[in-house]
Amino acid sequence: MTIDSDFHSHVSRSSAHEMALAAQEKGLRVLGLSEHIFQMNEARPILEHMHLEGPLLTFPAYIEAIHAANQLVSVDVRLGMEVDFIPDKNEAIQAHLVGHPWDFLIGSVHEIDGLQFEHVKKWDREEGERLWLRYFELLRQAVGSGYFNLVSHPVRMRLKNPYLPSQLDEELEHLAAEAARHDVALEINGHDVLNYPSLVQRLARACALHKTAVSVGSDAHYPLKVAQAHAQSEAILREVGITKVRIWKKRTVEEYQL
Ligand SMILES: [Zn+2]
Ligand SMILES: [Zn+2]
């Protein structure tokens, strides 16, 4: 079997319906939609520093649009959210999630002690290496927080920071071991696969070594990008001997065999 799910995708630049149609056209069986929590009007006051990616939504409108999309396509559309992990804001962020019928929740580190590292690019080797290590520390906290089914894009720091620390593989293994211990999946992220595949390979090796569950998500922000890099992601998984992909319904694990 090939990968026929995509558990990381965004709706704010199109719509749940358009994303679901794209998934159907690409032959997917299951689509997990996971808009950023900072795109939700209700949560915006605590996350107003995050760059908006489209018009604000409300939780009820987002959830209703996904349920409606699920009725209109043959793909099984699941309700998720990409949730920022920020140590001193987590309680306030999590309070917004209570009471909604989530299928899965993604934990994401997009900032390090206030620095949104995907949007800045001026640091030297010493600061770059320090940021990588702090990034892994936060990812481990996210994995152990109990809030999330999976933690996304664990090598995203590479986007603007080429200063890989010498102990990168040990850090990836430490993260993979923690994720396995907490039964949280780590993500093979399509955006990262397309931009720095060798780092995703190192992540996949760490997951294979520690028998860490993996999720596969395109991180599509447009319909055309749904399932982007799935072929490459699958090749990376097969190469390290990972043959299971984890997905969720009502926050319960479902796993399928490649
Ligand atoms: Zn993200
Ligand atoms: Zn995303």
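When a ligand or atom number is given, it counts from 1 through the structure's own listing order. All of these numbers come straight from a predicted model, not from anything done at the bench.
Each of Asp183, Val214, Val184 was compared with Arg246 under the side-chain contact (heavy atoms from CB on, under 4.5 Å) criterion, and only Asp183 meets it.
Here His8 contributes NE2 and His10 contributes NE2, and at the Zn ion (ligand 2) these two atoms make an angle of 100°, given to 10°. Between NE2 of His110 and NE2 of His153, the angle at the Zn ion (ligand 1) works out to 100°, rounded to 10 degrees. The angle Glu82:OE1 - the Zn ion (ligand 2) - Asp219:OD1 amounts to 170°, with values rounded to 10 degrees.
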Full working for side-chain hydrogen bond (donor to acceptor under 3.5 Å, both in side chains) between Glu82 and His8
CA-CA 8 Å; Glu82 182 175 9; His8 187 153; 3.0 Å; yes
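For NZ of Lys89, the number of neighbouring non-hydrogen atoms (other residues, nucleotides, ligands) closer than 6.0 Å is greater than 12.
For the residue pair Glu187/Ser215, the side-chain donor-acceptor check at 3.5 Å is not satisfied.
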